[in-house]
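Have a look at the structure below, then the notes.
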Amino acid sequence: QVQLVESGGGLVQAGGSLRLSCVATGFALNTALMSWHRQAPGKERELVAAIGAGGTHTRYADSVKGRFTISSDSAKRTLYLQMNKLLPDDTAVYYCNAWGSTWGQGTQVIVSS
């Protein structure tokens with residue numbers, strides 16, 4: 001059974017850092033296009049970062065370029081999102097996604113000013 005489980009969210013002050021993790025089961029991580037998305041209250045879900053199958057090719061939303069880094073560790077079956085220099089506008093529920101169709105349950109990130 002394909003499953004994605006996120007963790008690592010929390011409350012952090014502006015300027016701080018968090019690292020989100022997404023453990024994937026039921027498939028080989030390096031065979032899937034993986035991505036992180038977020039949804040802030042009252043807003044639509046948006047793509048934050050994506051990484052190609054095998055860990056090649058990454059892309060980022062303009063709003064997080066230079067601050068966030070997406071990476072994967074196939075041996076650990078884990079997708080990561082390192083978030084630095086966090087801003088209050090980064091407050092949202094963050095979701096892991098595989099193939100554009102499979103979602104995790106989300107992890108809440110709150111950035112205080």
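Only this structure's heavy atoms are used, side chains among them; waters, hydrogens and symmetry mates stay out.
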CG of Asn30 to CZ of Arg77: how many Å apart, nearest 0.5 Å? 9.5 Å
Parallel, tilted or perpendicular: which one describes the rings of Tyr95 and Trp103, with boundaries at 30° and 60°? perpendicular
Can Leu47 be reached from Tyr80 by stepping across I, L, V, M, F, W or Y side chains whose heavy atoms are under 4.5 Å apart? no
Please evaluate residues Thr78 and Asp73 with respect to the criterion side chain to side chain donor-acceptor pair (under 3.5 Å), reporting the C-alpha separation (whole Å), side-chain torsions for both, the decisive distance (0.1 Å), and the verdict. CA-CA 5 Å; Thr78 303; Asp73 185 329; over 6 Å; no
Distance-only, no hydrogens or angles: does the Thr91 side chain make a donor-acceptor pair with backbone N or O of Val111 under 3.5 Å? yes
For Arg19 and Leu81, run side-chain contact (heavy atoms from CB on, under 4.5 Å): C-alpha distance rounded to whole Å, both residues' side-chain angles, the deciding distance at 0.1 Å, then the answer. CA-CA 6 Å; Arg19 187 176 78 160; Leu81 184 69; over 6 Å; no
Phe27 ring center near Trp99 ring center (under 6.0 Å): yes
Any sub-3.5 Å donor-acceptor pair from Gln108's side-chain atoms to Gly9's backbone N or O? no
Judged by atom type as modelled, is there a donor-acceptor pair below 3.5 Å linking the side chain of Glu46 to the main-chain atoms of Arg38? no
Spatial distance of atom SG (Cys22) from atom CG (Asn97) [nearest 0.5 Å]: 9.0 Å
Is the backbone of Val48 close enough, under 3.5 Å, to the side chain of Tyr94 for a donor and an acceptor to pair up by distance? no
Do Val23 and Leu29 sit in one hydrophobic cluster, given that two such residues count as connected whenever their side-chain heavy atoms are within less than 4.5 Å of each other, even indirectly? no
Looking only at atom types and distance, does a side-chain atom of Gln39 sit under 3.5 Å from a main-chain N or O of Val93, one as donor and one as acceptor? no
Same cluster or not: Val2 versus Trp36, using hydrophobic residues (I, L, V, M, F, W, Y) connected whenever any side-chain heavy atoms lie under 4.5 Å apart? yes
Just by distance, do the side chain of Arg67 and the backbone of Lys85 share a donor-acceptor pair under 3.5 Å? yes
How long is the span from the OG atom in Ser63 to the CG atom in Asp90, to the nearest 0.5 Å? 7.0 Å
How long is the straight-line distance from OG of Ser71 back to CG of Leu79, given to the nearest 0.5 Å? 7.0 Å
Rounded to the nearest 0.5 Å, how far does CG of Leu18 lie from CG of Asn84? 9.5 Å
